[in-house]
Amino acid sequence: MDMVSTAEVAAGERFAFWREVNAKLWVPYDLRCAPEVEGAFQARAGVSEFGALQATLMTSMPYAVHRTPKLIRQADPEVLKLSCLVRGEAMITQDRQCTDFGVGDLILYDPSRPYQAEFTPDAPASQLLLLRFPRSLLPLPPRDLRRLSAVRISGNRGVGALSSQYLLQLAQRMHEFSPSDTARLSTLTLDVLATALADALDAGSEVPPHTRRRALMAQIRSFIHDHLGDPALTPDAVAAAHHISLRYLHKLFQQEGDTVAGWIRERRLEQCRRDLANPHLAARPIHAIAARWAFTSPAYFSQAFRSAYGLSPRQYRQQCATVHAD
């Protein structure tokens, strides 16, 4: 992930610098902010390329963007943008549709047509996950996509909520992904977006079955990551949260060579391994680390850990401590 920040720029030049960053990362905008903000403006962005999809996690003080007809004539890359707010509140207007949106909500908009957007001035800093991708990558007719411009897709219910959970996880973990991870995540992320947008249009039949299946799997895995520490996270609970049968859930995992319970256990063991290797957690008892990730039996945890990694939890922690000491 590439990082861009105003931190190394002189205070009086930061907003002008941020205007240039916006133009290079996305498209030229007319950027504006309050005079009292401009003098102390701060912002940063982490940018990852997921194949043809660009993902940016941006944290910034309040400002507004205007995409004008004149700027569109200067540069029109024929892409779509979708925003998911991670922190704060914002507003967007396009095609006479004015929408307020909050954390987890999804907003689609088209830089080929004029729009205005701004972070709510009440929040000292907002954070936004911004996805940019060619229109052709979505299996939905342009006329239907236009109907969704600046329409809020709620992150609190239904397919929108599941898609939001996936995107918020993506924002949280962007710095962890390797190049091979981002190549795989490109397809998954576009599948999630296509499914969420088709649901908002009530046009799910227009999304190919394999796209819906991959999107559902991405949403399920995001849900599991969010609830790994909950002992009540079982295959039954996962199926119920996604309104599918337990049999269908098992089938989805079997098609990828996994079992539901096995995949959950592997993810929990990964989290335990990470905590055991963390020198800042060296004083935390092993049984407490196991319990944090829903291993309620120390004996079972020790057996499962040794089976997965070839060492007991204590031996693994000692090995990591020796490496850190060197």
Side-chain angles (χ1 to χ4, degrees), residues 48-53 55 82 84 86 104 106 108 129 131 133 137-140 153-174 176-230 232-271 293-294 308:
S48 291
E49 301 294 336
F50 290 66
L53 183 149
L82 184 135
C84 179
V86 180
L106 310 182
L108 179 76
L129 176 65
L131 304 178
F133 50 91
L137 295 185
L138 288 180
L140 295 168
I153 300 175
S154 173
N156 294 324
R157 61 180 183 274
V159 174
L162 297 177
S163 304
S164 172
Q165 289 172 14
Y166 170 80
L167 293 177
L168 291 173
Q169 277 282 332
L170 186 72
Q172 180 181 341
R173 299 177 180 276
M174 273 178 58
E176 300 177 9
F177 300 137
S178 67
S180 60
D181 291 332
T182 57
R184 290 191 296 268
L185 285 169
S186 172
T187 300
L188 282 176
T189 303
L190 287 165
D191 287 343
V192 168
L193 299 188
T195 302
L197 296 171
D199 181 75
L201 288 164
D202 195 24
S205 61
E206 296 186 17
V207 179
H210 67 273
T211 294
R212 293 200 299 272
R213 186 169 58 251
R214 288 198 302 253
L216 178 59
M217 279 301 293
Q219 292 157 359
I220 288 170
R221 286 179 171 140
S222 176
F223 176 85
I224 289 173
H225 273 294
D226 279 346
H227 296 83
L228 278 177
D230 184 356
L233 179 67
T234 62
D236 284 308
V238 174
H242 293 84
H243 310 289
I244 58 177
S245 70
L246 182 60
R247 180 179 179 183
Y248 185 55
L249 177 68
H250 284 306
K251 181 180 178 181
L252 288 172
F253 276 81
Q254 287 168 1
Q255 288 173 341
E256 301 199 2
D258 291 314
T259 66
V260 187
W263 201 84
I264 292 173
R265 183 175 60 252
E266 288 171 7
R267 302 291 82 73
R268 285 171 167 165
L269 286 170
E270 286 176 2
Q271 294 296 334
W293 299 109

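What you are looking at is a predicted structure, and each value in this text was computed from that prediction instead of being measured. Just so you know, these numbers use all the heavy atoms, side chains as well, and skip hydrogens, waters and symmetry mates.
Using a 4.0 Å cut-off between a side-chain N of Lys or Arg and a carboxylate O of Asp or Glu, Arg213 and Glu256 do not qualify as a salt bridge.
Using modelled atom types and a 3.5 Å distance limit, the side chains of Gln169 and Arg173 yield a donor-acceptor pair. Inspection of the Ser163 and Gln219 side chains reveals an N or O donor paired with an N or O acceptor under 3.5 Å.
For Arg265 and Trp263, the positive end is not near the middle of the six-membered ring at less than 6.0 Å and at most 45° from its axis.
Between Phe253 atom CZ and Arg221 atom CZ the span is 6.0 Å, to the nearest 0.5 Å. Taking CG from Leu249 and CD1 from Ile244, the interatomic distance works out to 4.5 Å, rounded to the nearest 0.5 Å. Between the CG atom of Leu168 and the OG atom of Ser222 there is a distance of 8.0 Å, given to the nearest 0.5 Å. Leu167 contributes atom CG, which lies 6.0 Å from atom CG of Leu193 (distance to the nearest 0.5 angstrom). Atom CZ of Phe50 and atom CG of Leu170 lie 4.5 Å apart (nearest 0.5 Å). Going from atom OH of Tyr166 over to atom CD1 of Ile220 covers 13.5 Å, rounded to the nearest 0.5 Å.
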Checklist entry - After noting the C-alpha distance and the side-chain angles of Gln172 and Val86, does the key distance pass the side-chain contact (heavy atoms from CB on, under 4.5 Å) rule? => result CA-CA 9 Å; Gln172 180 181 341; Val86 180; over 6 Å; no

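The side-chain heavy atoms of Glu49 and Thr182, taken from C-beta on, include no pair separated by under 4.5 Å. Contact check for Thr189 versus Asp191: no side-chain heavy atoms found under the 4.5 Å cut-off. Side-chain contact between Gln254 and Thr259 is absent, with no heavy-atom pair separated by less than 4.5 Å. Between Thr195 and Leu216 the shortest side-chain heavy-atom distance does not fall below 4.5 Å.
A pairwise comparison of heavy atoms in Ile153 and Ala200 identifies CD1-CB, 3.9 Å as the closest pair. Shown here for Pro139 and Ala194, the closest heavy-atom pair between the two residues is CD-CB, 3.8 Å. His227 and Leu233 get closest at one heavy-atom pair: O-CD2, 3.4 Å. Nearest heavy atoms, Leu162 versus Ala241: CD2-O, 4.4 Å. When all heavy atoms of Ala308 and Leu269 are compared, the pair lying nearest together is CB-CD1, 4.0 Å. Here the shortest heavy-atom pairing between Leu190 and Leu138 reads O-CD2, 4.2 Å.
Listed by first and then second residue, the salt bridge (charged side-chain N to carboxylate O under 4.0 Å, His left out) pairs involving residues 236-254 amount to none (not counting sequence neighbours).
A donor-acceptor contact shorter than 3.5 Å is absent between the side chain of Ser164 and the backbone of Gly160.
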